[in-house]
Participant: 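Dumping the structure here so I can ask a few things about it.
All ligand and atom numbering here is 1-based and tracks the order in the structure.
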Amino acid sequence: MGKCKLAVCQINVTADKRFNINNARDVVFRAASQGAQIVLLPEMFNCPYETSLFPDYAESYPDGETVQMLSRVAAELGIVLVGGSIPERDGDIVYNTCFVFGQQGGLLGRHRKMHLFDVDLPDLNVQESSTLGPGRDFTVVDAGICKIGVMICFDVRFPELARLLALAGVDMLLIPAAFNMVTGPAHWDLTMRMRAVDNQVYVAAASPARDEQAEYVTYGHSMVVDPWGTVVAQAGTGEEIIVAEVNLETIREVRERLPLLAQRRTDLYDLCKK
Ligand SMILES: O=C(O)CCC(=O)C(=O)O
């Protein structure tokens with residue numbers, strides 16, 4: 001069973017789309033120079049996280065400048081690039097989409113955020129569905145060295161999705177995300193670690209760096225969690241690359257000693273039968 005190096009890039013995101021694209025490119029180069037074979041970028045890395053701005057920053061596949069950059073950089077560096085997310089326009093609908101490119105620059109997968117972040121909390125009202133449409137497809141990417149399941153931010157709160165991806169055989173859940181100063185301190189570590197423990201997979205989440213002046217202040221603290229739930233790497237709040245080794249043997253060992261997936265009582269779980 002194999003090992004690989006995963007880099008999670010916590011990057012600055014500004015109102016300047018061109019800056020964001022160039023900065024992401026530079027940071028991915030730095031991550032690859034540290035030996036990373038798989039590189040993960042944050043949610044909405046080419047656009048401030050403001051629902052009203054998503055349509056203005058949106059672009060289409062394959063002609064958009066951000067996706068073109070991601071494909072070129074993946075090929076140039078010979079890495080698997082899990083390109084965070086960007087607003088993607090398809091006809092009349094804008095999606096919150098993660099494009100994954102392979103070592104030759106080809107598209108390996110595309111995840112459109114399934115669960116839109118519509119919440120009304122004290123000090124936080126976000127209605128993604130005011131400008132975005134929800135995705136419908138599960139995204140499992142065969143990256144050669146390992147199988148990757150992709151979820152975007154709020155998707156992580158739905159254990160069903162992570163479980164379906166685990167049952168489909170993924171070794172890691174890669175999550176472009178942008179928690180905030182209300183839900184981040186309360187739930188970021190807990191949720192990421194829980195999805196790893198539930199499913200005995202690696203979990204990595206990439207956040208934009210924190211900008212205190214932004215309308216939506218992101219939490220930061222990008223992290224990598226191993227299948228035992230241990231946080232093996234974690235960023236602070238500024239721009240930072242964290243690198244971790246992913247060891248597929250660790251997944252096998254944890255599952256052998258604590259066989260959660262095998263001990264599920266699927267014979268009892270169908271409530272409709274009662
Ligand atoms: O689930 C959360 O607390 C944050 C979700 C979020 O920020 C998002 O989905 O963009």
Participant: Can you tell which of Thr97, Asp137, Asp155 makes a side chain to side chain donor-acceptor pair (under 3.5 Å) with His111?
Facilitator: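 Checked Thr97, Asp137, Asp155 against His111; only one passes side chain to side chain donor-acceptor pair (under 3.5 Å): Asp155.
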
Participant: Under a 4.5 Å side-chain heavy-atom rule over Ile, Leu, Val, Met, Phe, Trp and Tyr, are Val225 and Val201 clustered together?
Facilitator: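 Shared cluster, yes.
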
Participant: I need the contact type for Arg157 against ligand 1. Using non-hydrogen atoms and a strict under-4.0 Å cut-off, is it side chain, backbone, both or neither?
Facilitator: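 The answer is the side chain of Arg157.
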
Participant: Keeping Arg89 on the side-chain end and Val94 on the backbone end, is there a donor-acceptor pair under 3.5 Å?
Facilitator: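 No, because the side chain of Arg89 does not come within donor-acceptor range (under 3.5 Å) of the backbone of Val94.
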
Participant: Is Tyr49 close enough to touch ligand 1? Criterion: a residue heavy atom under 4.0 Å from a ligand atom.
Facilitator: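 It does, in that a heavy atom of Tyr49 comes within the 4.0 Å cut-off of ligand 1.
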
Participant: Would you compute the distance between atom CD1 of Ile175 and atom CD1 of Ile152 and round it to the nearest 0.5 angstrom?
Facilitator: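 Between atom CD1 of Ile175 and atom CD1 of Ile152 there are 10.5 Å.
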
Participant: For Glu59 and Thr66, run side chain to side chain donor-acceptor pair (under 3.5 Å): C-alpha distance rounded to whole Å, both residues' side-chain angles, the deciding distance at 0.1 Å, then the answer.
Facilitator: CA-CA 8 Å; Glu59 53 181 77; Thr66 313; 2.7 Å; yes

Participant: Which residue supplies the protein heavy atom nearest to atom 9 (O) of ligand 1, what is that atom called, and how far is it?
Facilitator: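 For atom 9 (O) of ligand 1, the nearest protein heavy atom is Lys113 NZ, 2.6 Å.
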
Participant: Keeping the roles fixed (side chain from Asn23, backbone from Phe19), state whether a donor-acceptor pair exists under 3.5 Å.
Facilitator: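 No, because the side chain of Asn23 does not come within donor-acceptor range (under 3.5 Å) of the backbone of Phe19.
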
Participant: Ignoring angles and geometry beyond distance, decide whether Glu43 reaches within less than 3.5 Å of ligand 1 through its nitrogen or oxygen atoms.
Facilitator: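 Yes, there is a polar N/O contact under 3.5 Å.
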
Participant: Can you tell me which residue and heavy atom of the protein come closest to atom 6 (C) of ligand 1, and the distance to 0.1 Å?
Facilitator: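 Protein heavy atom with the smallest distance to atom 6 (C) of ligand 1: Cys153 SG, 3.0 Å.
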
Participant: For ligand 1, which is the ligand I care about here, please tell me if Ala178 has any N or O atom under 3.5 Å from one of the ligand's N or O atoms.
Facilitator: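 Yes; at least one N/O pair falls below 3.5 Å.
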
Participant: With Arg110 as the cation and Phe99 as the aromatic partner, state whether NZ or CZ is under 6.0 Å from the six-membered ring centre and within 45° of the axis.
Facilitator: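 Verdict for Phe99: no cation-pi partner in Arg110.
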
Participant: Using non-hydrogen atoms of the residue, decide whether His187 is closer than 4.0 angstrom to ligand 1.
Facilitator: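 No; His187 lies far enough from ligand 1 that no heavy-atom distance drops under 4.0 Å.
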
Participant: What atoms in ligand 1 come closer than 4.0 Å to a heavy atom of Thr183?
Facilitator: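 Close to Thr183: 2 (C), 3 (O), 4 (C).
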
Participant: In this structure, which one of Met192, Met194, His187 forms a side chain to side chain contact (heavy atoms under 4.5 Å, CB included) with Val156?
Facilitator: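 Output: one option passes, namely Met192.
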
Participant: Relative to ligand 1, is Phe117 under 4.0 angstrom through side chain, backbone, both or neither, heavy atoms considered?
Facilitator: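 The answer is the side chain.
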
Participant: Does Met44 have a non-hydrogen atom less than 4.0 Å from ligand 1?
Facilitator: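 Met44 does not count as a contact of ligand 1 under the 4.0 Å cut-off.
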
Participant: Return yes when Tyr216 approaches ligand 1 closer than 4.0 angstrom through a heavy atom, no otherwise.
Facilitator: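 It does, in that a heavy atom of Tyr216 comes within the 4.0 Å cut-off of ligand 1.
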
Participant: In ligand 1, which numbered atoms sit nearer than 4.0 Å to a non-hydrogen atom of Phe179?
Facilitator: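 In order of number, 1 (O), 2 (C), 3 (O), 4 (C).
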
